[in-house]
Peer 1: 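Structure provided below as structure tokens; questions to follow.
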Amino acid sequence: MALTKKQHVDQKESRQQHQLYQTALLAHHKQPIGFEVAINADASHEGVNPACGDEITVSCEIKHQHEASVITAIAFHGDSCAICRASASIMCQEVQGKTLVETQVMSRQLTGALSTNISMIGELAEQFSPLLMIQQFPVRKQCALLPWNTLMETLKCLPDQP
Amino acid sequence: MALTKKQHVDQKESRQQHQLYQTALLAHHKQPIGFEVAINADASHEGVNPACGDEITVSCEIKHQHEASVITAIAFHGDSCAICRASASIMCQEVQGKTLVETQVMSRQLTGALSTNISMIGELAEQFSPLLMIQQFPVRKQCALLPWNTLMETLKCLPDQP
Amino acid sequence: MSIVSPWKHDFPVYLSHAHPNLCYLDSAATCLTPKHVADAVFHYQCYAHANSHKGLYQLSASVTERVEHAREQVANFIGAHSGENISFNHGTTDAINLVAYSFVEPLLIEKQEGDQANIVISAAEHHANLLPWQRLAQQYNVELRIAPLNKDGTINQANLSALLDSDTIFLAITHCSNVLGLMNPVANICRIARNKGIPTLIDGAQAICKGAVDVSEIDCDFYVFSAHKIYGPTGCGVLYAKGSLFDSMRPYQLGGGVIESVNYQQSRFITGPLKFEPGSHNVAAIVGLIEAIDYMTDISWHDVNQYIDNLANYMHSELENLPFYQPLIKRGDSNEKEKISTLVSFQVKKVHCHDIASLLDNDGIAIRAGHHCAQPLHQTLGVNASIRASLGLYNDVSDIDKLVASLTTAHKMMSL
Amino acid sequence: MSIVSPWKHDFPVYLSHAHPNLCYLDSAATCLTPKHVADAVFHYQCYAHANSHKGLYQLSASVTERVEHAREQVANFIGAHSGENISFNHGTTDAINLVAYSFVEPLLIEKQEGDQANIVISAAEHHANLLPWQRLAQQYNVELRIAPLNKDGTINQANLSALLDSDTIFLAITHCSNVLGLMNPVANICRIARNKGIPTLIDGAQAICKGAVDVSEIDCDFYVFSAHKIYGPTGCGVLYAKGSLFDSMRPYQLGGGVIESVNYQQSRFITGPLKFEPGSHNVAAIVGLIEAIDYMTDISWHDVNQYIDNLANYMHSELENLPFYQPLIKRGDSNEKEKISTLVSFQVKKVHCHDIASLLDNDGIAIRAGHHCAQPLHQTLGVNASIRASLGLYNDVSDIDKLVASLTTAHKMMSL
Ligand SMILES: Cc1ncc(COP(=O)(O)O)c(C=O)c1O
Ligand SMILES: Cc1ncc(COP(=O)(O)O)c(C=O)c1O
């Protein structure tokens, strides 16, 4: 018998938690991109999540290429939960080689998606798919956003851009 | 059919309030003894009930007779509720001609009876019968005790006794 | 007007096994509780209780969400911009003391030695909106100015305006006096204050039960009220603060949940309304408040207000017919809508208020006697105490008729 | 030990239509509510609610009597001399802030410029018993001294004693840490302080649920706790003050019911515990607290404690078998009765506490992760956060077994 819509939702809900710590997220947690990587940082900043004590430091190397500032290298370190670590890892993967403007847009999109429960679609949804289930765990959103908030603070520390 | 004990109590309870404002008490309220009577006061004191704003001033004339200090005249005035007025009236009736020591004992007995719910017996019960029902209205006890507390304060104002 | 209040059956206290003959006329002190609210609190305690804002587990996360959603609902109810402008506490008294400590005292501390300063309140304040300001005024040796009242018991705007000057650091007035009952023109008053750069607090304890409060329209800096005066449970109060005022205020009580980080020697505090909610939230009471608001909205504020206003008119007319009736404030002839007070404070000629209350109690009438926590106002009006009858949505014509009959008997019995 | 807690069915949250599989291990944060308590609160709100201490009518007089009787019952429960030593407030946090303002700050104000002074607390305090003292210390520029802990997590008496000197104006310590769980020897500590003339406050938030508190034996000056940590409702706290201390303290929050007389310019305050209870009492919560105490007394504190201690022993042993289990404090070998902690805070090797909490939540296990409002203590112990499991009378062996199984899976899944 096919599932009714309601049953479908119920089933989905009972699997929620595993979806939070799904394989893709765990992969980032276990082998995080950019974690404790040595780079020639132009700026770095430490972010703290007061609610849980997570600490993360994000560092960037910025180059001026074709009229724009580009993140040529990015790394992070610190003591944080798996959600935060995985989110930082995905962040490092995605922003490497992006311009500051592109990075800011991406940050705003992710923050918006997580805080307003608007579904992510298209490319964005693909890039951040390991984090999508966090929408259903409001208390953990801050964990996923900490790397991004910290990156935004890091960029503010840059010497003025042309 | 005779009333069972329980029924008796119920009946009694439903008549409680009228018993509070019973005829004897109303008589004192309407024609209070010692109210606004002019005496040659040796001491007087104003008492206030903060809970309801009642104010009463008690004045006494004291004489030394047969080795004891005796209240030879007593009066009160002020703005107060019927319970307080009636209690003051009964007080004036009862302490007139009594020694200070007798007065203090009486005050203590009445206060004790009202605050511990111990039934008054014998002469005391007779003297204070209009006030007896107050035991069942805790919030009004202060009204009945205000004249007595004020009298005790008045006596403290006396020049030292021999 | 229907003979029996259409909402009376929502209040279990009137059930036959409880107090079927209760004639409750003390809603200005506290409202009786509708079953909806008691049920919601019961349900929360039994099935949903956990610590909010601290646990990661679902039970706790749901409670957190409930509290945060409650902020939005309250904001919506009083026309606030957002839930971020709403902080929960334990009652109007708690909220006013908080503002005194967290917002006003720092202003006084800032003042240089020798600087003039004053705080302005009205002559009609409840002790809760008088004593905290009196204490601050004494402590910092500044003036506490008292705005006088009009003949109808409302605050005199012209006189108030004259009291506000460049040394005024705060204005705290009641939206509606709990003794006199008419609504003050707080939007006007706040405009006057704003033009002089003076921050304002409105005590909404009595006004809130009319359901039509709009803090954005009033444009005050702070608005406070208690859940139990709007058919909610005891133990919950609301503090509204405009814009980002919360962030500029120092924390009040300190405890769990207000810090971003702390070591033994120093602390960094969080921002937002949570900064003023240390320790465990009284979630049961917050849940009850929301249920009360929902209940009232469902049955329609408009219908309830119309009903109570009609009943109040009947009450005033009936009482005015009694030869021994001495209201603290005489009703004007104007029949304007805003001029209907749903409570009345009065004396019975030559009979003490407490005797009246006791005698009425014998007839099952619950009525307040005393100074109603507004002793200076009573002094101003030249009396020690008064009797107050105040209406709720469970009252009906029969309550007024009982009141009038019982007053008549009492007067006959007690008058000298 | 029985398989299912004999009292579990008193807690509706476990009913089949609610959360039958809930494994609640966060009682140190807040206790689940027995139906008795929820019923008592419901009944009060529905059938008995009125304003206490202000109305002369029966409904109000009964509520007043109930509150005053509750004082006696609480006094009796904690071995206080009389109900006059008990003041109700909104929680432990509220109570400690009250003592800081009403009792300790005046002592600091009295100190002459340049006088030395210090306040002593322990390293194991909850933020509620740290932040108010830290603020006072900063404001008056006096020292906040931190008594260190023994290896077992209790306060080191010798070191504490050395910190107390003639400049010490107050000692505030916890009866039992909410992170470490062992009872401190507060009677001894208070004796030391008393001999040096130093007033004491004991934070009983965690100790109260053992039911055996005797403030006369401890002989502290103040003792504080919250109803919700002893199976009562949210929103009610208790402040015990010895002898006639209440009378020597200045009032804290100001509002209705605390004055003997007031005019616009000045006030005279009443005496006794009511001086610290301005505004409307949260009677519903007080009623709930009394019901909770009665419930526990009826089912027998002794039986409950024995049951929970046995369960705690099982919990410690089972956890200690796990290779990845890293408790903040290692259990000693001593099997003394007082040495059983009914809670435990630990880490899972190489796995972040928040991930553990989330993964356990998926198995219906409600467990706390974080610094549990004791951040400096965690720093002292060299960690950021921990996982805490705490027991209530509804827990049983199956809860521990679930916890152990779920921890094992989570560790396997997350470890790097
Ligand atoms: C030891 C200790 N002190 C104080 C508190 C604060 O209690 P409440 O939140 O009820 O004010 C708690 C509970 O969180 C505690 O465990
Ligand atoms: C106008 C006004 N302000 C303040 C209060 C105090 O409210 P609460 O006792 O809930 O703190 C009241 C009610 O007593 C009131 O009527």
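Proteins get letters first, then strands, A, B, ... in listed order; numbering begins at 1 in each. Since the model is a prediction, treat every value here as computed from it, not as a measurement.
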Peer 1: Output yes when a side-chain donor or acceptor of C:Gln347 lies under 3.5 Å from a complementary backbone atom of C:Ala385, and no otherwise.
Peer 2: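 The answer is yes, because a donor-acceptor pair under 3.5 Å joins these two groups.
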Peer 1: Check whether B:Phe35 forms a cation-pi arrangement with B:Arg85 (NZ or CZ under 6.0 Å from the six-membered ring centre, at most 45° off the ring normal).
Peer 2: yes
Peer 1: Return yes when atom NZ of C:Lys349 has more than 12 non-hydrogen atoms of other residues, nucleotides or ligands closer than 6.0 Å, and no otherwise.
Peer 2: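 No, not enclosed.
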Peer 1: With only heavy atoms counted, which part of B:Leu26 is less than 4.5 Å from chain C, the side chain, the backbone, both or neither?
Peer 2: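 Answer is side chain: those atoms of B:Leu26 sit under 4.5 Å from chain C.
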Peer 1: So, for C:Ala38 and C:Thr33, which heavy atoms are closest and what is the spacing to 0.1 Å?
Peer 2: N-CG2, 4.1 Å
Peer 1: Could you look at C:His371 and say if it's the side chain, the backbone, both or neither that has a heavy atom under 4.5 Å from chain B?
Peer 2: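 Interface part for C:His371: side chain.
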Peer 1: In terms of heavy-atom proximity below 4.5 Å to chain C, should B:Glu55 be classed as side chain, backbone, both, or neither?
Peer 2: side chain
